[in-house]
Amino acid sequence: MAPARDRRTGFSRRRQYGVFVGYVLAIAGAVVGAALLVVSTFNPPAFAGARMGVAGLTAPVSSGLAWVVGGVAAVPEAIGTYFFVRQENVALRREREQTRALLMRARTIAYDNRRLRSLLKVRDRIAEPVVTARW
């Protein structure tokens with residue numbers, strides 16, 4: 001639909017009242033907003049009740065919007081995680097192979113130590129302290 005050519009209210013009382021009510025509501029909203037801003041700045045405890053009341057009324061809408069925003073924000077993270085997992089998997093497999101080689105080497109050394117100790121008949125030191133004294 002084409003916009004009206006005449007933007008002035010003209011002689012129509014209905015349009016004049018509509019514009020007047022719009023201006024009054026805009027000014028009243030600005031005054032109420034400024035008053036609430038002043039009250040919340042200078043006396044926060046007095047404004048806390050009103051803030052909690054409004055928060056209680058708008059909780060369903062705000063929680064729904066937070067859920068939607070969280071879901072949308074999780075998409076890039078999920079994509080990044082998908083591509084990062086492959087690199088991390090390769091690095092973990094490489095680390096596992098290095099650790100496996102070290103483990104086999106440690107087991108071989110432990111076995112050789114046990115075998116050599118048994119061949120030499122070496123006993124481990126006794127943990128009891130030895131004390132000398134004079135008569």
Side-chain angles (χ1 to χ4, degrees):
M1 189 156 113
R5 292 185 214 177
D6 187 17
R7 293 180 186 238
R8 295 180 296 163
T9 57
F11 292 104
S12 172
R13 289 273 189 208
R14 187 172 186 186
R15 285 184 72 186
Q16 287 177 350
Y17 286 140
V19 170
F20 177 72
V21 168
Y23 284 132
V24 168
L25 288 176
I27 291 171
V31 169
V32 168
L36 290 174
L37 184 63
V38 167
V39 169
S40 69
T41 302
F42 292 114
N43 193 1
F47 190 67
R51 183 174 54 236
M52 292 306 294
V54 171
L57 290 174
T58 60
V61 174
S62 62
S63 64
L65 288 175
W67 180 76
V68 169
V69 169
V72 171
V75 170
E77 182 181 344
I79 292 171
T81 302
Y82 175 77
F83 289 114
F84 179 69
V85 164
R86 183 168 300 220
Q87 296 170 353
E88 187 179 15
N89 201 0
V90 168
L92 288 173
R93 283 188 176 137
R94 189 177 326 119
E95 183 181 346
R96 184 185 67 189
E97 291 304 319
Q98 291 172 351
T99 306
R100 181 177 289 162
L102 287 174
L103 178 64
M104 292 304 293
R105 191 167 157 204
R107 284 181 179 169
T108 303
I109 291 172
Y111 173 74
D112 287 344
N113 279 342
R114 280 194 309 267
R115 189 174 54 86
L116 291 173
R117 283 178 186 265
S118 67
L119 287 175
L120 292 174
K121 305 235 190 283
V122 174
R123 289 187 277 166
D124 289 329
R125 291 185 175 176
I126 298 174
E128 297 175 9
V130 177
V131 179
T132 59
R134 285 190 184 177
W135 282 91

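Since the structure is predicted, the reported quantities are computational estimates derived from the model, not experimental observations.
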Test: Glu97 and Arg100 ion pair at under 4.0 Å:
yes
Between Leu25 and Tyr17, is there a shared hydrophobic cluster once you connect ILVMFWY residues whose side-chain heavy atoms come closer than 4.5 Å?
no
Group every Ile, Leu, Val, Met, Phe, Trp and Tyr by side-chain heavy-atom contacts under 4.5 Å, then state whether Ile79 and Tyr82 land in the same group.
yes
Should Val32 and Val39 be regarded as members of a common hydrophobic cluster, given that ILVMFWY residues are connected when their side-chain heavy atoms come within less than 4.5 Å of each other, either directly or indirectly?
yes
Could you tell me which residues satisfy side chain to side chain contact (heavy atoms under 4.5 Å, CB included) with Arg107, sequence neighbours excluded, listed by chain and number?
Leu103, Met104
Under the side chain to side chain contact (heavy atoms under 4.5 Å, CB included) rule, collect the residues that match up with Glu95, sequence neighbours excluded.
Leu92, Thr99
Heavy-atom distance under 4.5 Å between the side chains of Ser63 and Leu65, does that happen here?
no
Please enumerate all residues that pass side chain to side chain contact (heavy atoms under 4.5 Å, CB included) together with Asp112, with sequence neighbours excluded.
Thr108, Arg115
